[in-house]
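Proteins get letters first, then strands, A, B, ... in listed order; numbering begins at 1 in each. The basis for the numbers below is simple: all heavy atoms, side chains too, and nothing from hydrogens, waters or symmetry mates.
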Amino acid sequence: MDKVYDHKKVEERIYAEWEKNGYFKPEVNPDGRSYSIILPPPNANAPLHFGHAMYVIEDILIRYQRMKGAAALWLPGADHAGFETQFVFEKHLANEGKSRFDYDRETLYQMIWDFVQENRGGMESQLRKLGFSLDWSRMKFTLDPDIISIVYRTFRRLYDDGLVYRAKRLVNYCTYDGTSFSDLEVVYEERKNPLYYIKYGPLTLATTRPETKFGDTAVAVHPDDKRYKKYIGQEIEIKTVLGKAKIKVIADDSVDPEFGTGVVKITPAHDFNDFEVGQRHNLKIRQVIGFDGKMNEHAGKFAGLYVKQARKAVVEEMQKKGLIEKIDDNYIHRIGLCYKCKNVIEPLPREQWFVKMEPLARPAIDAVRKGKIEVHPKSFEKIYFQFLENIRDWNISRQIVWGIRIPAWFCEKCLNWTVTDGITPEKCLKCESKTIAQDPDTFDTWFSSAQWPFATLLTQSSSKSKIKNQKSKIENSLDYERFYPTTVMETGYDILRWWVARMVIVGIYATGKVPFENVVLHGLVKDPYGKKMSKSKGNVVNPIEVVEQYGADAVRFALVYGTALGNDQALSYAKLQGMRNFTNKLWNIGRFIEMNRVSSIQYRVSSIEELKKIAKRKNDKEWVAKVDELTNQLTNNLDNYQFNLAAERLYEFIWHEFADKYIEDVKIRIDKDSYLILTTLYLILLRLLHPFMPFITEELCRKLGAKDSIMVSSWPAK
RNA sequence: GGGCUCAUAGCUCAGUUGGUUAGAGCGUUACAUUGACAUUGUAAAGGUCAGAGGUUCGACUCCUCUUGAGCCCACCA
């Protein structure tokens, strides 16, 4: 054996052997009880970040359960990552002097598909380098046809149950490019624009957008503002450029009494904040700017003018009529611009699909209240409940092409929607007209990933009965029968609301069962200075580079050691080095045993019970008892998701008890019996350590003559 | 503005349901060492557990307030 442990000689070879031997499949324990975890699918075409390395927690659980005899399934997947991927692709296009507007929808989709396929495989090989014992034969992609068909079906059911409706919602719209943009695609810039103080009957308010006044459906003041208290709830009469009008005065907390005059005009159709206020007060949404960027019929004689022209004309008219009190020319504010053409982004109302959440959220709240789902650490339950108890309807429409297109067709004749399981209908279901067009929007990525636990299990090709596309009834697969509900959903706490809560909601709705029995939440890995890693800050550390430097086992151990579950940690090179040193210590214990090996001894004894009978010396007996106690502690820790305590205990015991004391003791009195006990105890320790450090424990077992892989050995306690 | 988390040794962090002298790693100091391992060993120094008050026989642990740090959500007309 080498004097120093070299992970580079070990890890790749061992992983390949494990995979070849099929040890990652639940079938290695065909009669075991079911234990399952679905891997939160990483972005298919992006490299892993350090947060993904935290999935080591899932590997620890899976390896532990597998050793305990469970039919343990850890199912991998890849996410198409909706607009993040489309955004990256478009940057790529921009480098070639092209943009998404140069292609039709189908071509663009195909190009992104090819782009993702080219980059795929990267994150899979990185997960392998971390030693993750994922069952690759069951890998799923969020855009696999069978997954898509399940997503269609769920939408269809929601629609048929009356839980989906159309409603207006503002989008960032560029009237020049003729398309809407995600928040990511809006660039903000500080601009100096005139702030107009306009007379509204008895009130005066400040605005930068006088031309949108035709869309005003209220004016608002702060509820505690004494100046205006008497107007709240009243309809005031105002003089406008189009004649006289009446408008309601409402009170809303969002109004800043310090800004301008403390009075705000509310234009729900053309301002994100006003839209929210409008929702709260049930205001009408009156659109006055069209998707062509021109004023519409509500603007009276200003109709047909572009926004900029209209603003100028409206201001001139107001000045003539004495409706402008003053103009502040030094007002600076941030406005949204189209990242592509730099024109001002116009918030415009657009009809989109919404899911009614309140009735769906109730069973999800109950599931946790009644203990059908346990959250670890428990403190995160608060966030879960808070989200679900104040839930708002879910907008599931996204104006991008990279995703699952919504299976809904609009009839131009009778104005009704036809929703299907994904099959293109020949005619409108209501009036049989053939002039129907599919909704150009795609589903919010979270809408499909909310179905991930049951969708991945239902669509396994190894299953007996496959999904039949044309029927609306979902036939259960073998894997679904066996592994659903899954045992654990483990992910970062930052997506508890967006993903975990929605999986519970949609899972219960679609299957009648909770999607998982336990939620385990880990914290964030930050940079060495405790700052959040982000591309824009340039402080992202590639986990695979760290693995190559310190070894996967050391990295894995460092991530769970010394940080309680759910707490953030700063990446620490000192800690990584310490853990690398620990792997070396472990290696040298093995080396010591190997060097002193007595050839006549067969290291076969494996149970602690047997050892208790064999140990005769008082010292040996004590050490057998200590390992027995350690085993029980670890079992208890792992059953309670206390990974840090388990890791700390192992480190402490192996190094400062077993090596520093027991080996030093045995060294002096070298005799056969003691070596047998020593070696056997060591092999037990390696098994206890295996879920945390799979590679080195495997290699050491082999060096000490084990014939079978440590992966198919059993956990030393029940 | 609403909510959450954190504050323990110089640094990074542990500390099950409140229970004797509060732990680890790194760092520091002294010594040892061609011996499984210098990616080592033995030993030492170092903390009024952010502050104040309360509950209790007993509080790092539970409650309230204050201060400081970070995160999430909502928003800047």
Exercise for the section: Classify the nucleic acid contact of A:Leu645 as base, sugar-phosphate or nothing, counting any heavy atom under 4.0 Å across all strands shown. Expected result: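 Since only primed, P, OP1 and OP2 atoms lie under 4.0 Å of A:Leu645, the category is sugar-phosphate.
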For the backbone of [Y] and the side chain of [X], can you confirm whether one donor and one acceptor N or O come within less than 3.5 Å of each other?
X: A:His376; Y: A:Val519; answer: no
X: A:Asn636; Y: A:Asn632; answer: no
X: A:Asp271; Y: A:Asp274; answer: yes
X: A:Trp498; Y: A:Trp446; answer: no

Phosphate oxygens OP1/OP2 of [N]: is one of them under 4.0 Å from a side-chain N or O of [X]?
X: A:Lys3; N: B:rA36; value: no
X: A:Lys382; N: B:rU5; value: yes
X: A:Asn644; N: B:rA24; value: no

Problem - Lys NZ or Arg CZ of A:Lys248 over A:Tyr231 ring: under 6.0 Å, within 45° - result: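 That pair does not qualify as a cation-pi contact.
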Problem - Cation-pi, A:Tyr5 ring and A:Arg591 (6.0 angstrom, 45 degrees) - result: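 No, A:Arg591 and A:Tyr5 do not form such a contact.
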Handout entry: Reading 5' to 3' through nucleotides 39-45 of chain B, protein heavy-atom contacts under 4.0 Å coded B for base, S for sugar-phosphate only, - for none
Key = BSSS---
Nearest whole Å is fine: how far is [N] [atom2] from [X] [atom1]?
X: A:Tyr662; N: B:rA36; atom1: OH; atom2: P; value: 17 Å
X: A:Lys378; N: B:rU5; atom1: NZ; atom2: C1'; value: 17 Å
X: A:Ile383; N: B:rC73; atom1: CD1; atom2: P; value: 11 Å
X: A:Asn390; N: B:rA74; atom1: CG; atom2: P; value: 13 Å

Exercise for the section: Please say which of A:Asp216, A:Thr240, A:Thr207 ends up in a side chain to side chain donor-acceptor pair (under 3.5 Å) with A:Tyr200. Expected result: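 One option only clears the test, and that one is A:Asp216.
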Handout entry: Closest to side chain of A:Asn567, choosing from B:rA36, B:rA24, B:rA14
Key =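 My answer, after comparing the listed nucleotides, is B:rA14.
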Handout entry: Among B:rA36, B:rG3, B:rA14, the one nearest A:Thr563 by side-chain distance
Key =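 Closest of the options to the side chain of A:Thr563: B:rA14.
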Problem - Nucleotide paired to B:rA74 in any strand shown, Watson-Crick or G-U, under 3.5 Å - result: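 By the stated definition (distances under 3.5 Å), nothing pairs with B:rA74.
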Problem - Watson-Crick/G-U partner (both atom distances under 3.5 Å) of B:rA9 - result: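 WC or wobble partner does not exist here.
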Handout entry: Distance-only donor-acceptor test, A:Gln642 side-chain atoms vs B:rA14 base atoms, 3.5 Å
Key =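 Donor-acceptor pair under 3.5 Å: no.
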